[in-house]
A.B. asks: 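Structure incoming, see below.
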Amino acid sequence: MPFDQILQFGAALTDDNFRILDRFVVRCRRLPWVIPSPGAMLVTGISPQSIDDPALPSFEEFMATVRERLLSWSPAVFIGYNSFRFDEPFLQRAFWQSLFPPYLTVTRGNSRFDVLLLARAIQALKPDVLPWPRDNYGKATFRLDRLASNLGFNHTNAHDAEADVDATVYVAKYLAESFPEIWTAMLGRTTKAVFDAAFPLHEIALFAERGGDVPRIWFGQRIDRQNGKHAIFADLTADWALLSEGFGSVGGQEDLLQYVRKVIINRAAPIFTAAEAKNLFKLSTSAKQQLNAAFLQRWQGVAALAVLASKTHSEDPEEQRELEQMIYHGFASTADEAIMTDFHAAPLADRSVVAGSFEDGRFRALATRMIYVSGPEFLAPEEIERLRRGIRNRLFPHGEPSNYPWRSVAKARVELQELKKSAVYPPVKLNEIEDWLSAFD
């Protein structure tokens, strides 16, 4: 994901009743060091030639348009489908790489909501109420095009940005009107303050989600002290009195941590209060779970357990050496944020001077890339040559493909050959992509 690029963006503004008040769709041309996924081009219907159309806006112009329109709609709740895992990270990285503040959807009074989590919660708690689509094995599937179609939406152009926006609005409206209590409970907790008020320390919560391919419904108890962006819950199905006996050992701590869940607070997780669990779903904690909850309130080691859980992370910054991977290596200083504004306002001829004033080397590098795309003649010859070598290395790196994290021309060709074996896509489309990739040689 860090090395891919948004090529098309669509969004719509609605009122509380899902009436569309405004909408826009915008596209841009490909950055010279990015090779898009052949599979993504086939799924979205974007031709390889069109992404290099010089008449399209540059990536910087494109992201400036997206930012301007989204800011004009703010404050708002930004709703997507599978957006926490896909759209949000892409959008944050795109803003960051074009030298805009990356966290627009959670600043300026904005918040965010993922309809996929709502759909999964409803399917877990009320599995027989809606006509859930099924895969070839009979399991519920949550693909937007399949779910929207099952609920009555004519999704004939799936994966096009505008069509997916309309499908998301349709599904959100359908679920909100069909399950208003669940919608209201989840949508109302998109901010830290509201979440913390609903789930203070030791509060019991019902989780409704999916564990792999099957729904998982379980009760947990909050064990952190509300001083960070995460909430930490202990699974009340575990025998905490027994598990606590091994807390002093490293192995014992690891055993405990598998029964601890860290939740990002401002993501409107599928969590419900004990009162909501009882009133909406007729679910309550068992006597054993109540004993576990009482033990957790008394156990002195529970605070240490919460601290351990809060320190776990999935990525090692030492392994994130490429510029695109460095978005989370620190926030921009106030001075650098001001320089970003100056950079976007400066004429192309003056941008190199502005770029050189960034305190953070990441932003100097990003700014230099942007100058290369829009006005390479304003860079020093040695800088142009360095960037050209870098682009060549991205497209045709040395060594095994598994040794580098981006998509090269060779990787794209391998992907294309696998797609040909599937016999799903028209040969004319596959050949079109193959000819486009051949032009890089």
A.B. asks: Atom CZ of residue position F331 - does it have more than 12 heavy atoms of other residues, nucleotides or ligands inside 6.0 Å?
C.D. replies: no

A.B. asks: Does the distance from a Lys or Arg side-chain N to an Asp or Glu carboxylate O, for E434 and R413, drop under 4.0 Å?
C.D. replies: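 The answer is no: the pair does not qualify as a salt bridge.
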
A.B. asks: Hydrogens and angles aside, do S333 and E359 bring a side-chain donor and acceptor to less than 3.5 Å of each other?
C.D. replies: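 The criterion, which ignores hydrogens and geometry beyond distance, is satisfied for E359 and S333.
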
A.B. asks: Give a yes or no on whether a salt bridge exists between D235 and R216, defined as a side-chain N under 4.0 angstrom from a carboxylate O.
C.D. replies: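 Looking at R216 together with D235, the answer is yes, because their closest N to O distance falls below 4.0 Å.
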
A.B. asks: Check this for me: does any side-chain nitrogen of one of R222 and D196 sit under 4.0 Å from a carboxylate oxygen of the other?
C.D. replies: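 The answer is yes: the pair qualifies as a salt bridge.
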
A.B. asks: In this structure, which one of F233, F272, F281 forms a ring-ring contact (aromatic ring centres under 6.0 Å, His included) with F207?
C.D. replies: F233

A.B. asks: Given ring pair (Phe, Tyr, Trp, His ring centres under 6.0 Å), test W218 with Y259 step by step and report yes or no.
C.D. replies: CA-CA 11 Å; W218 56 282; Y259 298 104; over 10 Å; no

A.B. asks: Would you check, one step at a time, whether the test side chain to side chain contact (heavy atoms under 4.5 Å, CB included) holds for F199 with Q226?
C.D. replies: CA-CA 9 Å; F199 300 102; Q226 302 173 287; over 6 Å; no

A.B. asks: Do the ring planes of F100 and F95 sit parallel (below 30°), tilted (30 to 60°) or perpendicular (above 60°)?
C.D. replies: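 Rings of F100 and F95: perpendicular, as their planes differ by over 60°.
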
A.B. asks: So is R392 actually on top of W33's ring, under 6.0 Å and inside 45° of the axis?
C.D. replies: no

A.B. asks: F343 ring centre to R351 NZ or CZ under 6.0 Å, with the angle to the axis within 45°?
C.D. replies: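 Geometry flag: set, cation within 6.0 Å and 45°.
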
A.B. asks: Would you call R30 and D52 a salt bridge, using N to O less than 4.0 angstrom?
C.D. replies: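 Judged by the 4.0 Å cut-off on N to carboxylate O distance, R30 and D52 do form a salt bridge.
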
A.B. asks: Salt-bridge test for E415 and K411: reply yes if a basic N is under 4.0 Å from a carboxylate O, no otherwise.
C.D. replies: no

A.B. asks: For the residue pair T368 and Y372, confirm or rule out a side-chain donor-acceptor distance under 3.5 Å.
C.D. replies: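 Judged by distance alone, the side chains do not pair up.
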
A.B. asks: Is it true that D15 and R19 have a side-chain N and a carboxylate O under 4.0 angstrom from each other?
C.D. replies: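 Yes, D15 and R19 are salt-bridged.
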
A.B. asks: Honestly, is R120 close enough over F142, meaning NZ or CZ under 6.0 Å from the six-membered ring centre and within 45° of the axis?
C.D. replies: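 Judged by the rule, R120 and F142 form a cation-pi pair.
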
A.B. asks: Parallel, tilted or perpendicular: which describes the rings of W436 and F440, with under 30° parallel and over 60° perpendicular?
C.D. replies: perpendicular

A.B. asks: Between W183 and F113, does the ring pair (Phe, Tyr, Trp, His ring centres under 6.0 Å) criterion hold? Intermediate values first, please.
C.D. replies: CA-CA 10 Å; W183 169 267; F113 186 80; 5.2 Å; yes

